[in-house]
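Here is the structure we will look at.
Every chain is numbered from 1, with letters handed out A, B, ... down the list of sequences.
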Amino acid sequence: MGAQTIFDLSQPGRGAGAQRPSPAAADDLPPELRRDAPPRLPQVSELQALRHYTNLSRANFSIDSQFYPLGSCTMKYNPRGAHRAASEPGFLARHPLAPASVSQGFLACLHDLQELLKDAAGMPAMSLTPMAGAQGEFAGVAMIRAWHDAQGDASRREILVPAGAHGTNPATAAMCGCTVREVAVRDHGDVDLDALKAAVGANTAGLMMTNPSTCGVFERRVTDIADIVHDAGGLLYYDGANLNAILGKAKPGDMGFDVLHFNLHKTFATPHGGGGPGAGPVGATARLAPFLPGPIVERTDDDYQWVEPAQSIGRLSAFMGNAGILLRALAYALMLGTEGERRVGEFATLNANYLAARLKDAGFDLAWPKRRASHEFIITLAALARRHGVTAMDFAKRLLDFGVHAPTTYFPLMVPECLLIEPTETECKEELDAFVAAMECILAEAKSDPETVRTAPHAMPVKRLDDVKAARELDLRWRPQ
Amino acid sequence: MGAQTIFDLSQPGRGAGAQRPSPAAADDLPPELRRDAPPRLPQVSELQALRHYTNLSRANFSIDSQFYPLGSCTMKYNPRGAHRAASEPGFLARHPLAPASVSQGFLACLHDLQELLKDAAGMPAMSLTPMAGAQGEFAGVAMIRAWHDAQGDASRREILVPAGAHGTNPATAAMCGCTVREVAVRDHGDVDLDALKAAVGANTAGLMMTNPSTCGVFERRVTDIADIVHDAGGLLYYDGANLNAILGKAKPGDMGFDVLHFNLHKTFATPHGGGGPGAGPVGATARLAPFLPGPIVERTDDDYQWVEPAQSIGRLSAFMGNAGILLRALAYALMLGTEGERRVGEFATLNANYLAARLKDAGFDLAWPKRRASHEFIITLAALARRHGVTAMDFAKRLLDFGVHAPTTYFPLMVPECLLIEPTETECKEELDAFVAAMECILAEAKSDPETVRTAPHAMPVKRLDDVKAARELDLRWRPQ
Amino acid sequence: MPFIPHTDADTAAMLRAIGVADIEALFDEIPDRLRSAPSGTPRAGLSEMEMRRRFAERAAQDAMGPCFVGAGCYDHHIPAAVWDLASRGEFMTAYTPYQAEASQGTLQVIYEFQTMLCELTGMDACNASVYEGGAGLAEAVLMAVRANRKAARAGWPRTVPMAGAVHPLYVRATRSIVCNQGIDVPMLPYGEDGRVDLTALDGLAPPPVALVVQQPNFFGVLEDVDAIADWAAERGTLLVACVNPLSLALLKPPSAWGSVGANIVCGDGQPLGVPMASGGPSFGFLCSRQALVRQLPGRIVGRTEDARGEAGFTLTLQAREQHIRRAKATSNICTNQGLLVTAATIHMSLLGAAGLREVAAASCAKTRELVQALGRPRRFSAPCFHECVIDLGRPATPVVEALARDGLLGGLALGPYFAELAHCVLVCATERRTSAEIERFATALRGALSN
Amino acid sequence: MPFIPHTDADTAAMLRAIGVADIEALFDEIPDRLRSAPSGTPRAGLSEMEMRRRFAERAAQDAMGPCFVGAGCYDHHIPAAVWDLASRGEFMTAYTPYQAEASQGTLQVIYEFQTMLCELTGMDACNASVYEGGAGLAEAVLMAVRANRKAARAGWPRTVPMAGAVHPLYVRATRSIVCNQGIDVPMLPYGEDGRVDLTALDGLAPPPVALVVQQPNFFGVLEDVDAIADWAAERGTLLVACVNPLSLALLKPPSAWGSVGANIVCGDGQPLGVPMASGGPSFGFLCSRQALVRQLPGRIVGRTEDARGEAGFTLTLQAREQHIRRAKATSNICTNQGLLVTAATIHMSLLGAAGLREVAAASCAKTRELVQALGRPRRFSAPCFHECVIDLGRPATPVVEALARDGLLGGLALGPYFAELAHCVLVCATERRTSAEIERFATALRGALSN
Ligand SMILES: Cc1ncc(COP(=O)(O)O)c(C=O)c1O
Ligand SMILES: Cc1ncc(COP(=O)(O)O)c(C=O)c1O
């Protein structure tokens, strides 16, 4: 049953009759452009489809049904009110190319969001168009590049990233035609300033970093880093994926960053949708503002208008971005208010530090025990792996049996056998305590009965899946037997 | 976890902050009328509530996730389109006492439904107000009573029902202040006409029956029955719970019935909602029409108006009925059209007869093997029960483990160890075949391993529940430990 | 063709298995003269798209501005999560939880609901819903008559008086239902302050079997429930309290009325997360003291244990119900309003006692603001809750019609319900009403009255 | 305070466990001068009720009558079941399915989606979505440049010409993205018939690395895709086909264009169950021949086995992706448009090939009806699909503005995109448009043109 696909339910001639418009001829299409045979899409009744996808959904973990301490992903509660607000018929039915004159309600929402985000960023300009964090990064690096070009400095094509940067950072740099250079991280999770000094130079386009970093700690010497990069002629990109930790507490603009993106699907609580969509608005200091991607909403005396920044890097998509996600983020921000925003950072941090303290007491090794956790922290199971032959991945899989989603595994890369844990502020103490209890239980199992851990999960719809076979014997689409 | 209630998740001072309006004083309420201590409702976060009820829902079977061959209940597909249509903001926001002048859209819908149902009933008058089948029955019996009273025949207070009638029939009669007399059913599931003749008399108010009957067969001599009752001065009530079997094929009005109800939550595919709501519109012949409960929609030259029938038995509820369910039923009927309606009866009957034939081949005993099944049919496990000590209830519980809802058990009462099976027209052949396979499998188990069947279910969130303890040690509400 | 999955091949194979030539043959037991096709011109089936267009157009026809009518159905805010959850297929398309092991979700929700209603009302038990407030009051009256053993023994007449300001539509529903059991439901007068005038009963001997009072009453006025409860208790009259459950976040629970409290509590749950939706579906609730549990109509859920000894939920005391007890059942109710109970349970979980209290208080405050803004005299002097009767000084129905043409529901004209109040409207402003909307109403009213 | 569950007691206990005095202490590693509060006047948090009121008012402000604009975003019917299912928490609030065992629902949906897209396009593989059509075209171009080994070996310039009637906004997005890798994207002219004029390329040597054609093109016109595909195949130029997936229910799949077909197929999935919603979120798709699978960007799901040998689904070929391959990944994409893919999969299951074909055909027919009703000449002579360029004989932008004031979206004025078409509008009528709406547009247009 597990792997019965919708195609297996199909029968020739079956269908969902209520979904068929009255038949119409399309005889005037040139015969040579028409297809011979119909595509083999499923032929199922409405009930069959409904039941199939209802039951498939039940094979998923989700925030609505489980705790997700997934580091770097900020899986917090996605308010249903925001979902409904963005689903107002007037918004759902709005065509993207409707004239601005009949789109003032929508434009007002976007403008409000721009203003809110500017304030949170500590930056004077904002474009909402990037469709995810990675596209925000792309915009940012392209802007950095365009800025250097505009200064007549077209040789600056090297992007620095701290070791352990998220994969999108180097991938973005490469996609923007830049080369990537890693900068080492020191013992306590901070960037190695000497290494940075050695790395910067005439080719430096800029540095991309998160803060709090992917190590789950606040980079204490961030302004020194900014000075080093700026002094060398480079610019600083702030990867906003970890902004939940400092929301209402500190602003990237104050730290010396020139350009940044938000992950609204993290910090602003829009749902992850099983992989997307997200939104990655990009903010900039005054000197980079003219390079922002368009369109941007501007408020005039009379109304709201779309504008394209003067030296814009251009459009990143056909229309204006993931509007529905932007609306959800605005709804969330409005419900938080200033005070609520501050509390996000505070309680995300409280939860992470509490969990770190509890796990430490339970015998787990923190990667950086001397540091404050930000909104997330890292434990390493390297010792355990050596002793009992149980890996971080085994731990992760076994947690699923306890009804808890696995933390992020093996990231950042430089910490061996690590779990990156981020509880978020919307989980209650009881949930955190249950997580600690599960971890303690698995730790005991790892010692007494490692096989159970190694072969986990046991309570999921499938047992552990063979990824090697998946990649070796590629089966990427259903075919009739 | 299974039985962790929302109260167990509660903590003093917790709450869903976004759901709180700005605090307002209510100081002018007299102190002696105010409560001292707040009710102990749960104090949980929005995420806690969402997760709790999401997970609770997952402990249910439902049409959206399982096959429900539940005799007499007509658990067919509930179109999502009908649900959305009834959820139009304009309908959801309509106040029940809004003047008719600003309710013409809604009234037009109700009028359309009245007309549709009149045609299906073969009767000239219809009131939509009853909120379920049983309230429709109540209306019908009250109308019968009122009619006799209007004839000056106030002694007619006896209601006849065939043996095996649904419990609501006798209960309704009693609630209407009538006494109940059962009429025997003969070998092949038809009413015993001699017994009927013996039963009717000067006290006979009327007869209530279903047709097809609760025995899953069409009462072949229904017009004879009507004549006998009418000749004795009584009236006939048609319990429309089984109308799915003959929709588009035959009309109760033609059979001699004077008044009837529809179960829109059966025949017209509105969802059962875990127990309700439903709707039980009641139709009447011309002579009973003035007694219908109000309000009814009447179309004038200019517009639609509410009217109360001249000799109405009165209101059965404060407003006009389960409007949202009525709208769903209309949506469904509109999508069916005349042809679709006819096919409902046809394919419901086809599915039932197919399943009966297959189960018979598989060795199960049909209660009335010589009869055509209507939309449902009965098998009796009496022989099996004797031989292997496995009851119909055991079978029912074991079916749950196969992902199939149990058929109706032990109803009608006169067939020992019976299962009443109704597949409905919206299930496909594969689903029926899978059901037969499950039944065969359980039959084999009953012989080889009866204990497994007797202790079923095994794959549900709980094992078999102790009903005796539930009734003996009443625990009807959570209390703090 | 919609919703039927059969391919021609399926149909053929199935007919073969049955051993008949065509589907028609399966209807051969229906006498020919009873066979009939739908009459009139055949209606073509609409696609979902066409059907939804028709509904959208009709719903748009009825779209209105702000609603200032209450009268048993209130325009409160409902958190989005409530119906997002209640509309999940597993809740919405489940059957009645007779198969307990496959229905733990629904059963636990009802158990939680019962608990919440017991907390609000102070009663010991609650059922899993009746149809709605009016029919629920009828059930409460029937229940009271069955339950008052003393009255039965003493042969008191089957009379259940109602306080004069019980919702008139509840009264109508109750009468049409209980009259069939020969129960008489006289109305008591209401006084100039809008509250029940109990002196009308004082002479009665024997006293009534039961007495019905509503709090807040139809006029929005708060009754002196302590005095009423004590009056009933002293005479062996059972007290049926009809209440707005939301109001109980602020008001004294019926269990604490007077020295012994009410015996049966009923009401409509619409204020707890149910959209107005033309008044239905909503749900009625019925709560009682422990002693009367076996007289409750409808389903009741109990907590029990499974074969392993783990806690679980099941329908209990089914011997009260029609499917077991048939003609001797406490009621004929079968299908109830389960999904609305699910919504209400989620709603109460999200609001909590504090949230409900704030909604109630905000509604009271908005109504005060409204009355002030309208600038017309109140008709009754006693304190009111979140509704109020206002005297317009001229026939109210045409004024309300004029306001409706202006796009707002400006209160309920009371003439059709109380001839003596033909110049009055019953108005209500919930927490959703803004000051701008109130101003709009006030302006429109001034306009309508100046014509 | 919304969404944070901590009671004071929780907070105190947690601080104790951490060993700090207050939450502030947890921020002691942030240098003081970087600490900042939000600027400006503090905004009070809105309740869900207040927030929704604001959104409802703003959405109502933008409500419009019938939409006759397509241009990459179409007003098709979406079965209610699609979003009722896709909005289930288990789909909507799940994370990326990295933990395969806890994500079989999402993974199987994607696998089914990949299959459906392969069936529509005739390609062998499909990814799990890219952002949308424009960014997807950029990814397709980058992919083609990476994949054309022959061109790389021979050192052909990085030039990827586009047919002149590729969606101008797709062109803009593609250019801003691929220019960073030094790829040149020249436009080919379009002819009087509205189709690409390939002769402009004929002289080129070496030939372009890749060529982009859209079918139906931005003008709604059907390109001679057989000739184009053969042109490209003969020269070793990779053909990137940008298509409307709905049109493929009727039209020849790109795999069958010419003798060898297209190499890469991309497009926007909006017509498959995604509301217009201001253009986003929608999703882009990217399909390819087997040989190019390892050049695909984004996630791909494969079927495999679990430890018991039972079938299951998992993300595969992850070595293409940024989290593994970092700077050498095929793209930087991480978060994609998964939920829209879920909706599209359900949509396609409900419509099936026959349903999609009927939707496409009905849209074509409605557009014919519209063009007829408008009574203005078509600008291009070649056959069109469900969009059409109409010549208004005067500047179109003010006309469209006037129509919008009249409450309908009467086509897209083309001047801002093609100066030479400033008198033209691109119109579209989907299967949802009624004859009455078409008549309304025609009347309004006559009115606007007579001013
Ligand atoms: C640190 C970091 N940077 C960037 C990203 C990329 O964001 P997106 O997935 O929205 O493209 C992520 C996403 O997980 C991240 O964790
Ligand atoms: C034969 C029959 N009659 C009457 C009823 C009562 O209908 P309702 O549950 O809607 O009150 C039912 C319900 O199951 C039934 O099966």
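Aromatic ring orientation, A:Phe7 versus A:Trp478: parallel (interplanar angle below 30°, classes split at 30° and 60°). Between A:Phe411 and A:His166, the ring planes are perpendicular. Angles over 60° get that label, and only those under 30° would be called parallel.
Residue D:Val341 does not touch chain A at all, counting heavy-atom pairs closer than 4.5 Å. Using a 4.5 Å cut-off between heavy atoms, D:Arg325 does not touch chain A at all. Neither the backbone nor the side chain of D:Ala256 comes within less than 4.5 Å of any heavy atom in chain A. Both the backbone and the side chain of D:Leu120 come within less than 4.5 Å of a heavy atom of chain A. Contact of D:Met64 with chain A is made through the side chain alone, with heavy-atom distances under 4.5 Å. With a 4.5 angstrom heavy-atom cutoff, A:Ala171 touches chain D via backbone and side-chain atoms both. In this structure, chain D has heavy atoms under 4.5 Å from both the backbone and the side chain of A:Ala142. Of the atoms belonging to A:Arg145, it is side-chain heavy atoms, and not backbone ones, that fall under 4.5 Å from chain D. With a 4.5 angstrom heavy-atom cutoff, D:Cys67 touches chain A only via side-chain atoms. At a 4.5 Å heavy-atom cutoff, the contact between D:Pro383 and chain A is made by side-chain atoms alone. Both the backbone and the side chain of D:Glu48 have a heavy atom closer than 4.5 Å to some heavy atom of chain A. Heavy-atom distances place both the backbone and the side chain of D:Asn336 under 4.5 Å from chain A. Neither the backbone nor the side chain of A:Asn263 has a heavy atom closer than 4.5 Å to any heavy atom of chain D.
Residues A:Arg342 and A:Glu339 are paired through a salt bridge, judged by an N-O separation under 4.0 Å between the basic side chain and the carboxylate.
Residues satisfying the ring-ring contact (aromatic ring centres under 6.0 Å, His included) test with D:Tyr111, not counting sequence neighbours, are D:Phe313. The side chain to side chain contact (heavy atoms under 4.5 Å, CB included) search around D:Ala56 returns A:Glu88, not counting sequence neighbours.
Each of D:Gln114, D:His323, D:Gln99 has some count of heavy-atom pairs under 4.5 Å with chain A, and the biggest count is that of D:Gln99. Contact count versus chain D (heavy atoms, under 4.5 Å) is highest, among A:Asp466, A:Leu476, A:Leu474, for A:Leu476. Chosen from D:Gly134, D:Gly133, D:Ala361, D:Ala60, the residue pairing most often with chain A at heavy-atom distances under 4.5 Å is D:Ala361. Taking A:Gly122, A:Cys73, A:Ala93 one by one and counting their heavy-atom pairs under 4.5 Å with chain D, the maximum is reached by A:Cys73. Between chain D and the options A:Lys249, A:Lys429, A:Met320, heavy-atom pairs under 4.5 Å are most frequent for A:Lys249. When each of A:Met460, A:Arg358, A:Glu137, A:Arg34 is checked for heavy-atom pairs under 4.5 Å with chain D, A:Arg34 comes out on top. For chain D, the option among A:Thr179, A:Asp254, A:Val102, A:Thr455 with the highest count of heavy-atom pairs below 4.5 Å is A:Val102. Contact count against chain D (heavy-atom pairs under 4.5 Å) is highest for A:Thr223 among A:Val180, A:Thr223, A:Asp36.
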*Show the numbers, then the answer: is there a side-chain contact (heavy atoms from CB on, under 4.5 Å) between D:Glu305 and A:Glu473?*
CA-CA 11 Å; D:Glu305 285 178 0; A:Glu473 305 166 25; over 6 Å; no
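Across all their heavy atoms, A:Pro99 and A:Ser103 have their closest contact at O-OG, 2.8 Å.
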